[in-house]
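The shown structure was predicted, so the numbers you read here are calculated from the model rather than taken from an experiment.
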Amino acid sequence: MSSDVFASAPALMLYAMIIEAAMGWPHWLYRRLRHPTVWMGSLIAAFENSLNQSGHTASGRRWRGVSTVLIVVGMTFCVALLVSLVTGDGWVGIGIQAFVAASLVASRSLYEHVAAVATPLIRNDLAGARAAVSHIVGRDPSQLDEAGVCRASLESLAENASDGVVAPVFWGALLGLPGLAVYKAINTLDSILGHKTEHLVDFGWCSARLDDVANFLPARITGVLIALASLRWQALTVMRRDARKHRSPNAGWPEAAMAGALGCRLSGPRVYAEGESREPWLNDGAADPVASDLRRGLALYVKAMVVAAALLLMLVLMLALGRAL
């Protein structure tokens, strides 16, 4: 078997998943270097502050938003490509690249953020659960009862399993570290600029559309992973039936799969700072989730990510076998 296969892009993403699951992004490193997404966010915010001025027309704002996307994505690609070229394809270089890649995958941090909601909720500490859920969703936590906190957490878990884990791993396995970094830049652009507020709706238009394209396949793959991990046909049934009801072209797929796998309903009306959003239910007719369903959802998430890692390993071994024949 060729050692080149074990330095391939799929292998790199497998190493990154293992590193991130084991240690995340250590606090001591965050204190010293912050985090790559923080650097991206600061760069995006700087462009938004300087280019998105109130005096511009809607068309002008859109073009300035497109320019911001091109510059941020281009700079990110160049930095990631430089890291790949400088470190090389030896084992030391692959280790450095895997560590950098791990910083752009969020499987451990996602688990920890949702578990931080589940722990107080199981103790009937609704105030503590509301405080914790405010860190992972944009809706008004003061308006959430126990079922609302559970729905918000499970929806965030499902959606971010796609955006934060499967999508970066997918693009990294396909295009290496530069592909992973470019996806993360696109997703960060959307997180900061892709809001339909009066100030950002035009400037962030390109960011939001590009993020929809980048997440099209990963979102559907994530839904299938959740269904496979649950071993429940209902997960696929609900996903096929309800995913397109969601306002997002992508988030409905993993969320509907999660709803079907757990046998509860998700989405529905919710209140944001800018007002109420009347969303349709996913798996309508099922019961609202309760605190124990959060624990079940976290366990299902872990299984789905293990399935994803196992599929990556199979791909690497198949590539190695193909090279050997």
Checklist entry - Nearest heavy-atom pair of A257 and A235: which atoms, and what distance? => result O-CB, 3.6 Å
Next on the checklist: Take a 6.0 Å sphere around CG of D89 and say whether it holds more than 12 heavy atoms from other residues, nucleotides or ligands.
Outcome noted: no
Next on the checklist: Side chains of M314 and L311, heavy atoms from C-beta outward: is any pair under 4.5 Å?
Outcome noted: yes
Next on the checklist: For W63, I'd like to know if atom CH2 has over 12 heavy atoms of other residues, nucleotides or ligands within 6.0 Å.
Outcome noted: no
Next on the checklist: Is there a side chain to side chain contact (heavy atoms under 4.5 Å, CB included) between L294 and V117? Walk through the geometry before answering.
Outcome noted: CA-CA 8 Å; L294 267 186; V117 181; 4.1 Å; yes
Item to check | Any side-chain heavy-atom pair of L193 and F47 under 4.5 Å | outcome: no
Item to check | Heavy-atom check, side chain of Y301 versus side chain of V114, under 4.5 Å | outcome: no
Checklist entry - Is the shortest heavy-atom distance from the side chain of P10 to the side chain of L319 under 4.5 Å? => result yes
Next on the checklist: If hydrophobic clusters are built by linking Ile, Leu, Val, Met, Phe, Trp and Tyr wherever their side-chain heavy atoms come under 4.5 Å apart, do L189 and L210 end up in the same one?
Outcome noted: yes
Checklist entry - For the atom pair NE2 (H246) and CG (L282), what is the distance rounded to the nearest 0.5 Å? => result 6.0 Å
Checklist entry - Is a side-chain donor or acceptor of W25 paired with a backbone partner of R34 at a separation under 3.5 angstrom? => result yes
Next on the checklist: With a 3.5 Å distance limit and no angle check, can you tell me whether W171 reaches the backbone of A214 through a side-chain donor-acceptor pair?
Outcome noted: yes
Next on the checklist: I need the minimum non-hydrogen distance between A115 and L298, along with the two atoms involved.
Outcome noted: CA-CD1, 3.8 Å
Checklist entry - How are the rings of Y15 and W91 set to each other: parallel, tilted or perpendicular (split at 30° and 60°)? => result tilted
Next on the checklist: Test your reading of the model: is there a side-chain donor-acceptor pair from R247 to the backbone of E279, 3.5 Å cut-off?
Outcome noted: no
Checklist entry - Would you find a donor on one side and an acceptor on the other, under 3.5 Å apart, between the side chain of H35 and the backbone of S103? => result yes
Checklist entry - Which distance, rounded to the nearest 0.5 Å, do you find between the CZ of R64 and the CD of E48? => result 12.5 Å
Next on the checklist: Could you check whether any side-chain N or O of D211 sits under 3.5 Å from a backbone N or O of S207, counting only pairs where one atom can act as donor and the other as acceptor?
Outcome noted: no
Item to check | For F216, all residues meeting ring-ring contact (aromatic ring centres under 6.0 Å, His included), sequence neighbours excluded | outcome: none
Checklist entry - In terms of hydrophobic clustering (I, L, V, M, F, W, Y; side-chain heavy atoms under 4.5 Å; direct or indirect links), are L14 and V100 co-clustered? => result yes
Next on the checklist: Pair T76, K184 - check side chain to side chain contact (heavy atoms under 4.5 Å, CB included), show working.
Outcome noted: CA-CA 9 Å; T76 302; K184 203 64 181 180; over 6 Å; no
Checklist entry - For A118, does its backbone N or O pair with a side-chain atom of R295 as donor and acceptor, under 3.5 Å? => result no
Checklist entry - Does any non-hydrogen side-chain atom of L29 lie less than 4.5 Å from one of F99? => result yes
Checklist entry - What are the two closest non-hydrogen atoms of A261 and I226, and how far apart are they? => result CB-CG2, 4.3 Å
Item to check | Shortest non-hydrogen contact from A98 toward I19 | outcome: CB-CD1, 3.8 Å
Checklist entry - Tell me, do W253 and I221 make a side-chain contact under 4.5 Å, heavy atoms counted? => result no
Checklist entry - Quick one: CG on N160 to CG on L110, what's the gap to the nearest 0.5 Å? => result 5.5 Å
Checklist outcome for this item: Closest heavy-atom pair, A181 versus M40, reported as atoms and distance to 0.1 Å, is O-CE, 4.1 Å
Item to check | Check: L300 and M258 side chains under 4.5 Å, non-hydrogen atoms | outcome: yes
Next on the checklist: Before you tell me yes or no, could you show the steps for Q234 and N283 under side chain to side chain contact (heavy atoms under 4.5 Å, CB included), namely the whole-Å CA-CA distance, both residues' side-chain angles and the distance that decides it to 0.1 Å?
Outcome noted: CA-CA 10 Å; Q234 183 70 5; N283 202 20; 4.1 Å; yes
Next on the checklist: Side chains of Q97 and I94, heavy atoms from C-beta outward: is any pair under 4.5 Å?
Outcome noted: yes
Checklist entry - Under 4.5 Å between side-chain heavy atoms, hopping through other hydrophobics if needed: is there a path connecting I71 to W39? => result no
Next on the checklist: Please find the pair of heavy atoms, one from G128 and one from D125, that lie closest to each other, and give the distance.
Outcome noted: N-OD1, 2.9 Å
Item to check | Working for side chain to side chain contact (heavy atoms under 4.5 Å, CB included), residues Y183 and L104 | outcome: CA-CA 10 Å; Y183 168 78; L104 302 176; over 6 Å; no
Next on the checklist: Using a 6.0 Å cut-off, check whether atom CZ of R244 has over 12 heavy atoms from anything other than its own residue.
Outcome noted: no
Checklist entry - What is the distance from atom CD of E159 to atom CD1 of I136, rounded to the nearest 0.5 Å? => result 11.0 Å
Checklist entry - Distance-only, no hydrogens or angles: does the R62 side chain make a donor-acceptor pair with backbone N or O of C206 under 3.5 Å? => result no
Using residues 146-153 as the side-chain source, report each donor-acceptor pair under 3.5 Å to any protein atom, sequence neighbours left out, with the distance given to one decimal.
unit_1: E146; atom_1: OE2; unit_2: A291; atom_2: N; d: 3.4
unit_1: R151; atom_1: NH1; unit_2: D288; atom_2: OD1; d: 2.8
unit_1: S153; atom_1: OG; unit_2: V149; atom_2: O; d: 2.9

Checklist entry - Once you round to the nearest 0.5 Å, how far does CG of N215 lie from CG of L217? => result 10.0 Å
Checklist entry - Got a donor-acceptor contact below 3.5 angstrom from the N52 side chain to the H199 backbone? => result yes
Item to check | Joint hydrophobic cluster, W281 plus M239, side-chain heavy atoms closer than 4.5 Å | outcome: no
Next on the checklist: If the test is side-chain contact (heavy atoms from CB on, under 4.5 Å), which one of I186, N250, D190 qualifies with D212?
Outcome noted: N250
Item to check | Main-chain N/O of L154 paired with E255 side-chain donor or acceptor, under 3.5 Å | outcome: no
Next on the checklist: Treating E155 as the side-chain partner and L266 as the backbone partner, does any N or O pair qualify as donor plus acceptor under 3.5 Å?
Outcome noted: no
Item to check | Euclidean distance, K303 NZ relative to L228 CG, rounded to 0.5 Å | outcome: 12.5 Å
Next on the checklist: Would you say L231 ends up clustered with V307 if hydrophobic residues are merged whenever their side chains have heavy atoms under 4.5 Å apart, either directly or through other cluster members?
Outcome noted: no
